[in-house]
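Each remark here refers to the structure printed beneath this line.
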Amino acid sequence: MAATLAYHHNIFWNSTTPERCFPKLVKERKSNRKFDLGSEPECSKSRFCYTTQSKCQKVYSLPPNSFLPRVLVETVESGSLEDALNLFEKMNHLDTYIWNVMIRGYTDRGLFREAINLYHRMGYDGIRGDNFTYPFVIKACGELFALIEGEKIHAKLHKIGLDKDVYICNSLIIMYAKLWHIDSALRVFAEMPSKDLVSWNSMISSYSFVKEHLSSLKCFREMLQVGIRPDRFSMISALNACSLGLYASTGKELYCIALRLGFELDVMIQTSLIDMYGKCGKLDYAERVFDRIPIRNVVAWNAMINSYALNAQPVKAFGSLKIMLQADNLTVDNVTLINLLPSCTQLGAVLQGKSIHGYTIRKGFLPHPVLETALLNMYGEFGILKLAEVTFNHMMEKNLVTWNAMIAVYVQNGWNCKALKLFEELLSEHLRPDTVTVASILPAYANLASLREGRQIHGYIMKLQYLSNTVVSNSIIYMYASCGDLEAARKIFDRMTCKDIVSWNTIIMAYAIHGMGRISIELFSQMERDGFQPNDSTFVSLLSSCSNSGLVNEGWEYYKLMKLNYGMEPKIEHYGCMLDLIGRTGKLDQATSFIEEMPLLPTARIWGSLLNASRKKGDIELAEFAAQHIFSTENDNTGCYVVLSNMYAEVGRWEKVKETKSIMKKERSEKTLAYSITETNFGLHRFTNHDRSHIESDMIYNVLDILSRKMGEKKCIHNTKFKPSDFARKSANSPQNHSVRLAVCFGLISTTIGNPVLVRKNTRICEDCHIGIKKISETTRREIIVGDSKVFHHFGDGHCSCGDYW
DNA sequence: CTAGGGTTAG
């Protein structure tokens with residue numbers, strides 16, 4: 001094999017390409033013929049110095065040929081820094097060399113604070129640091145995020161004339177990048193009188209580090225233009241930029257360059273390529289590169305397994321594992337296991353996931369924060385929150401990512417209160433939430449729908465200066481819309497400087513849940529004018545907006561447009577929206593045939609939509625038909641039974657009502673207690689039907705009474721569909737004292753005129769209350785917003801935004 | 001005696 005490789009390299013070296021590309025390299029190359037292939041670690045330190053300042057021109061402070069310093073070096077290298085320090089104290093401190101040895105010892109071992117302390121002590125002792133001292137100290141500053149310290153040292157370097165040293169400048173570039181001061185890094189780089197290969201590599205990877213992938217690639221290109229020959233590190237950094245920035249075509253170009261430079265069989269570069277292609281969604285290319293690797297190692301396999309996971313090929317991922325273990329006789333490492341877990345999730349393979357967990361314990365992989373976080377995520381995705389919690393609680397070392405994962409798992413499984421509690425716990429620790437934390441917790445605020453708390457978290461996010469983050473802003477838009485403050489949502493949207501497709505989908509959906517379809521449509525065309533390509537979710541937002549607002553013709557139009565103009569096949573969500581739309585028109589025949597003609601298997605959501613349509617029309621037979629289907633698919637049928645039972649009651653089929661109720665009892669599905677919430681500056685006020693527990697109860701009922709009389713609604717006689725035969729039942733659950741009305745009345749007396757009254761409700765608003773609140777809005781001339789389990793009703797002047805269908 | 005690197009969790 002070695003012979004073949006050498007042969008390859010000779011071909012490349014003797015060809016004219018490198019010379020033409022890199023004329024400056026010719027001389028250097030001869031003295032540095034040995035090519036680094038990645039399989040031999042000792043090669044990895046090989047350097048090319050192509051610039052004017054070559055190593056031999058440097059004046060070294062060579063170690064004095066005495067006994068003690070050599071012992072010190074050996075002690076440091078053996079790892080016992082304490083012994084080394086003891087020895088150091090006994091030595092002559094006039095020699096810079098021994099200081100350097102000690103400082104380096106600390107930095108190498110990750111004891112950065114100690115390294116810097118020793119550097120300071122050196123200054124107090126009157127010993128000047130030299131060109132060997134500073135790279136270690138600068139690195140320590142970078143690792144400690146000590147910006148001020150680093151800048152001070154940088155200033156000092158200027159003073160003592162070491163600010164032009166290549167090694168020192170290279171370390172400064174990396175330090176500034178680690179501190180996210182890429183401008184300073186660039187300044188150092190630009191002002192260097194001579195740059196070497198490492199300088200260029202440092203700048204390329206610095207840009208990558210701060211996620212300025214394009215700048216990174218530009219820097220690489222510039223390097224080529226200047227005539228510097230990239231080495232494997234340059235290639236890897238540039239490929240990394242392509243991979244993170246999803247620049248697949250640039251990645252391909254880099255591959256060509258790598259081939260021309262003779263890196264064809266460099267495992268590291270091949271692995272980088274696999275990763276890049278995998279992340280860019282070009283699985284076939286990744287496979288092709290992988291197949292060309294002469295001797296595959298675990299890292300390459302890991303990259304391939306990860307690529308399969310990223311491209312939703314879990315079977316192939318597990319297939320790879322098998323080949324890796326059997327044919328290549330390799331063993332798995334942490335990363336292999338981490339990369340396999342998403343494939344378990346994709347396959348729904350709980351057992352495999354658990355056995356990986358068991359394996360990690362048996363083989364001593366744990367504790368390992370990344371692996372444990374991946375396990376936690378897997379359990380979260382499977383909805384096994386108990387095990388996710390156990391994993392989280394058992395972790396020895398939790399980082400912010402771990403916390404974020406646990407919060408996200410809670411939120412995704414609807415455990416909003418738990419999520420908020422954990423978020424508070426995180427704040428009470430020394431950890432500072434990042435944009436991911438904030439974006440993960442925001443849906444919990446949206447679901448709990450407390451506008452007051454929503455505003456608080458918004459303020460907190462502003463203070464953290466995360467508002468410029470697109471994902472965060474998108475979540476805030478959704479949060480405000482869900483909490484009922486559409487105006488606030490719109491304000492955030494309008495002020496966003498970097499909108500993405502999700503921003504547009506979210507704002508369109510915001511108007512959908514507030515039943516303002518016209519504005520959704522307006523926004524959709526605005527979006528197109530701004531050059532955004534709609535995706536599946538865009539149409540879900542748009543179609544549900546049409547449905548919620550009763551824009552039937554427009555709904556059909558966009559449904560057709562979706563296929564014709566955008567070539568998108570409707571998914572089950574789109575069919576659901578359309579079914580709601582058809583349901584509005586009351587054309588039940590059309591609804592049933594629409595379901596029959598659907599190319600997809602109807603889900604519970606689809607049947608639920610049909611059930612709702614038949615409820616509106618009072619078609620009990622169809623309702624029963626839809627309900628039957630729901631019973632056969634879903635576990636929680638409570639809502640279904642309630643709808644049926646109400647429908648039976650409306651036509652006076654009491655025996656059926658009884659039957660339904662007894663089934664519910666047997667299945668132990670409790671009817672959810674209906675309640676309504678309104679918020680004042682002092683907190684939440686929760687009302688159930690006929691609630692008299694509120695401290696202002698008397699006042700509320702007085703207001704309700706006055707309003708009822710004004711509206712011409714006589715006590716206990718109202719616009720209900722219930723038959724008089726059920727008078728007793730009716731008066732027991734008179735809609736006049738329904739929770740929404742109580743909440744609305746309290747809202748009217750506890751908020752200032754000019755502001756809307758905002759009420760949230762956990763169940764759908766009943767028809768009587770809908771009529772009632774329309775009238776209340778008319779007589780009080782107040783805007784009343786009621787968010788029920790499906791949409792927000794904006795009442796004003798006796799009308800509702802939903803157009804009386806919900 | 002110095003600086004840079006591939007796969008990994010949201």
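- Following rounding to the nearest Å, A/F136 (CZ) and B/dA3 (C1') show an atom-to-atom distance of 9 Å.
- The base of B/dG10 sits with one of its N or O atoms less than 3.5 Å from a complementary donor or acceptor on the side chain of A/D434.
- In the set B/dC1, B/dT8, B/dG6, the nucleotide with an atom closest to the side chain of A/I236 is B/dG6.
- Closest to the side chain of A/N377, out of B/dC1, B/dG10, B/dA3, is B/dG10.
- Taking atom CE of residue A/M122 and atom P of nucleotide B/dC1, one finds them 17 Å apart after rounding to whole Å.
- Note: CZ (A/F88) to C1' (B/dC1) measures 14 Å, nearest angstrom.
- At a threshold of 4.0 angstrom between heavy atoms, the contacts of A/D275 are confined to the sugar-phosphate backbone, with no base atom among them.
- Heavy atoms of A/S205 sit nowhere under 4.0 angstrom from any nucleic acid atom.
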* To do: Kindly determine whether A/K164 and A/E191 satisfy salt bridge (Lys or Arg N to Asp or Glu O under 4.0 Å), including the steps that lead there.
  => CA-CA 8 Å; A/K164 300 287 180 257; A/E191 288 171 5; 5.5 Å; no

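- Checking B/dG6, B/dA3, B/dT8 against every side-chain atom of A/N306, the shortest atom distance belongs to B/dT8.
- If you take CG on A/N311 and CD on A/Q346, they are separated by 9.5 Å, rounding to the nearest 0.5 Å.
- B/dT2 has no base stacking with the ring of A/F132 when judged by centroids under 5.5 angstrom apart and an interplanar angle below 30°.
- The CD1-P distance, from A/I173 to B/dT2, rounds to 19 Å in whole Å.
- Within 4.0 Å of A/N339, counting heavy atoms only, lie sugar-phosphate atoms of the nucleic acid but no base atom.
- One finds the CE atom of A/M203 at 12.0 Å from the OG atom of A/S237 (value rounded to the nearest 0.5 Å).
- At the heavy-atom level, A/N297 lies under 4.0 Å from base atoms of the strands shown.
- Between the CZ atom of A/F392 and the P atom of B/dG10 there is a distance of 15 Å, given to the nearest Å.
- Out of B/dA9, B/dT2, B/dT7, the shortest distance to the side chain of A/T271 is found at B/dT7.
- If you check B/dA3, B/dT7, B/dG10 against the side chain of A/L400, the one that comes closest is B/dG10.
- Regarding A/L239, its CG atom lies at a distance of 10 Å from the P atom of B/dT7, rounded to whole Å.
- When distances are taken from the side chain of A/D231 to each of B/dG4, B/dA3, B/dT7, the shortest belongs to B/dG4.
- In this structure, A/W403 has its ring center under 6.0 Å from that of A/F392.
- Side-chain proximity of A/V267 to B/dG6, B/dC1, B/dT8: nearest is B/dG6.
- Side-chain proximity of A/N100 to the nucleotides B/dA3, B/dC1, B/dT7 is greatest for B/dC1.
- For B/dA9, the OP1/OP2 oxygens have no side-chain nitrogen or oxygen of A/N399 closer than 4.0 Å.
- Donor-acceptor pairing under 3.5 Å is lacking for the side chains of A/N302 and A/N339.
- In this structure, A/F209 places its CZ atom 18 Å from P of B/dA3, rounding to the nearest Å.
- In this structure, of B/dG6, B/dG4, B/dT2, it is B/dT2 that holds the atom nearest to the side chain of A/Y167.
- Note: A/Y255 and A/Y285 fail the aromatic proximity criterion, with ring centroids not under 6.0 Å apart.
- For the pair A/I174 CD1 and B/dT2 C1', the interatomic distance rounds to 14 Å; values are reported in whole Å.
- When distances run from any side-chain atom of A/V370 to the nucleotides B/dA9, B/dG4, B/dG6, the shortest one goes to B/dA9.
- Among the heavy atoms of the strands lying under 4.0 Å from A/K279 are primed sugar atoms or P, OP1, OP2 only; no base atom is included.
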